[in-house]
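What follows is a single structure, written as structure tokens, with notes after it.
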Amino acid sequence: MTPMEQGLGKARVLVEALPYIQKFAGKTVVIKYGGHAMVDPVLKESVMLDILLLHSVGIRPVLVHGGGPEINSMLKKVGIESQFIQGLRVTDAQTMEIAQMVLLGKLNTEMVSLLNRFGGKGVGLSGKDAKLLMAVKKPMQMPNSLGKMEDVDLGLVGEIQTVTPDILNTLLGQGYIPVISPVASGEEGETYNVNADTAAGKIAEALKADKLLLLTDVRGILSDVSDPGSLISTISGGEVTTLKKQGILSGGMLPKVECAVSALDAGVGSVHILDGRLSHAILLELFTDGGIGTMFTR
Ligand SMILES: Nc1ncnc2c1ncn2[C@@H]1O[C@H](COP(=O)(O)OP(=O)(O)O)[C@@H](O)[C@H]1O
Ligand SMILES: CC(=O)N[C@@H](CCC(=O)OP(=O)(O)O)C(=O)O
């Protein structure tokens with residue numbers, strides 16, 4: 001291909017993206033990025049660049065990050081093993097301390113630094129800042145071996161009670177990109193560990209976001225988790241309930257579908273689960289017709 005043809009190819013991509021860029025200018029897009037898709041440093045840079053691109057065309061991006069695998073490896077180093085119940089980490093005081101150190105001290109600052117190095121104005125926050133996320137201890141019930149429902153103790157896992165998005169609106173209004181760790185405060189100053197998808201969903205609801213994008217390490221919801229070809233492109237709340245009953249949705253997919261359905265009910269414009277391992281997944285979702293991953297429908 002000649003340099004002239006290459007140039008024309010790039011220009012065509014831009015012209016094709018233009019209607020989408022115009023459609024989303026001024027809109028709020030909440031992006032949840034985490035899990036294994038966040039471990040690759042090259043991918044991480046590429047996601048930060050995509051977020052900057054959104055910002056530079058007038059979109060208001062809000063980044064909520066996870067970090068489950070990094071928390072796991074730090075816990076392993078200090079000899080602590082985690083148990084997960086329905087995709088949630090049972091969190092004792094020591095686990096909480098380490099999770100907070102990894103999420104805020106390492107991952108949040110890392111992403112803010114990347115955004116700023118690439119010319120953006122990223123600001124790191126946790127749910128504790130300006131009372132963004134207030135939580136109580138999350139209750140949970142599970143069937144015991146006899147099938148009878150029993151209380152299980154998740155420790156310091158938080159259930160979000162209120163979201164006060166003022167700080168986010170202030171930052172967004174002044175051109176900053178908020179980067180949020182999923183740690184919340186309790187009324188008595190307790191620290192709670194919140195699943196990052198759940199935090200992103202509640203933040204999207206409070207901001208009345210136009211889009212919620214949940215980036216993960218699979219193509220989207222699969223009807224057979226071992227077959228990447230079994231992607232479900234669109235799904236309704238009713239279908240989610242059926243898949244749950246059939247046991248097709250499990251582990252970390254449960255908080256995702258729950259927050260997605262809740263966000264749509266609360267008026268978030270649209271919710272998508274995307275493959276965060278795919279380079280430029282965010283741009284493909286926003287700026288092309290086809291869309292990728294799973295889209296939730298009302
Ligand atoms: N039906 C399903 N379709 C796709 N993934 C599923 C399904 N059921 C369970 N999963 C699991 O959910 C995982 C994604 O959740 P999780 O590991 O918490 O992601 P993240 O860390 O990106 O938030 C997938 O890697 C997969 O193992
Ligand atoms: C309660 C709970 O499970 N909190 C999560 C918070 C981080 C997270 O959700 O990270 P990913 O999105 O990368 O999985 C945890 O401790 O792993």
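Numbering of ligands and ligand atoms starts at 1, following listing order. Residue numbers run from 1 in the order of the sequence given.
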task: Can you sort out which atoms of ligand 2 are near Gly66, meaning under 4.0 Å from one of its heavy atoms?
output: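 Near Gly66, meaning under 4.0 Å from one of its heavy atoms, ligand 2 has 8 (C), 10 (O), 11 (P), 12 (O), 13 (O).
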Heavy-atom nearest neighbour in the protein, as seen from [atom], with distance rounded to 0.1 Å:
atom	result
atom 4 (N) of ligand 2	Asn193 OD1, 3.1 Å
atom 13 (C) of ligand 1	Asp217 OD1, 4.0 Å
atom 13 (O) of ligand 2	Gly35 N, 2.6 Å
atom 12 (O) of ligand 2	Lys32 NZ, 2.7 Å

message: Looking only at distances, can you tell me whether any N or O atom of Lys32, backbone or side chain, sits closer than 3.5 Å to an N or O atom of ligand 1?
response: yes
message: Tell me whether Val218 has any N or O atom under 3.5 angstrom from an N or O of ligand 1.
response: no
Restricting to non-hydrogen atoms, name the atom on [X] and the atom on [Y] that form the minimum distance, rounded to 0.1 Å.
X	Y	result
Gly220	Ile273	CA-CG2, 3.9 Å
Val163	Ala206	CG1-CB, 3.5 Å
Tyr20	Phe287	CD1-O, 3.3 Å

- prompt: Which of the atoms of ligand 1 are close to Ser250, meaning less than 4.0 Å from one of its heavy atoms?
  reply: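 In order of number, 8 (N), 9 (C), 10 (N).
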- prompt: CD1/Ile71 to CD/Gln100 distance, rounded to the nearest 0.5 angstrom?
  reply: 10.5 Å
Nearest-0.5 Å distance that lies between atom CD1 in Ile177 and atom CG in Leu172: 9.0 Å
message: Does the residue Lys256 have a heavy-atom contact with ligand 1, meaning some pair of atoms that are separated by less than 4.0 Å?
response: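 Yes, Lys256 has a heavy atom closer than 4.0 Å to ligand 1.
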message: So is Gly67 touching ligand 2 or not, going by heavy atoms under 4.0 Å?
response: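 Right, Gly67 reaches ligand 2.
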query: Do the side chain of Tyr192 and the main chain of Lys138 share a donor and acceptor less than 3.5 angstrom apart?
result: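 Checking the backbone N and O of Lys138 against the side chain of Tyr192, no donor-acceptor pair under 3.5 Å is found.
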Closest candidate by heavy atom, reference atom 14 (C) of ligand 1, pool Thr216, Thr294, Val225: Thr216
field: Proximal candidate to atom 16 (O) of ligand 2 [heavy atom criterion; set His36, Arg89, Glu70, Gln86]
entry: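 Heavy atom nearest to atom 16 (O) of ligand 2 belongs to Arg89.
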- request: Give yes or no for whether the N/O distance cutoff of 3.5 Å, strictly under, is met between Ile71 and ligand 2.
  value: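 So ligand 2 has no N or O lying under 3.5 Å from an N or O of Ile71.
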message: Any nitrogen or oxygen of Ala196 lying under 3.5 Å from a nitrogen or oxygen in ligand 2? Just yes or no.
response: yes
query: Linking I/L/V/M/F/W/Y whenever their side-chain heavy atoms sit closer than 4.5 Å, directly or via other members, would Val179 and Leu171 fall into one cluster?
result: no
- prompt: At a non-hydrogen distance cut-off of under 4.0 Å, which region of Asp197 contacts ligand 1 (side chain, backbone, both, or neither)?
  reply: side chain
task: Between Val194 and ligand 2, find which residue part has any heavy-atom pair under 4.0 Å and reply side chain, backbone, both or neither.
output: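 For Val194, the contact with ligand 2 is made by the backbone alone.
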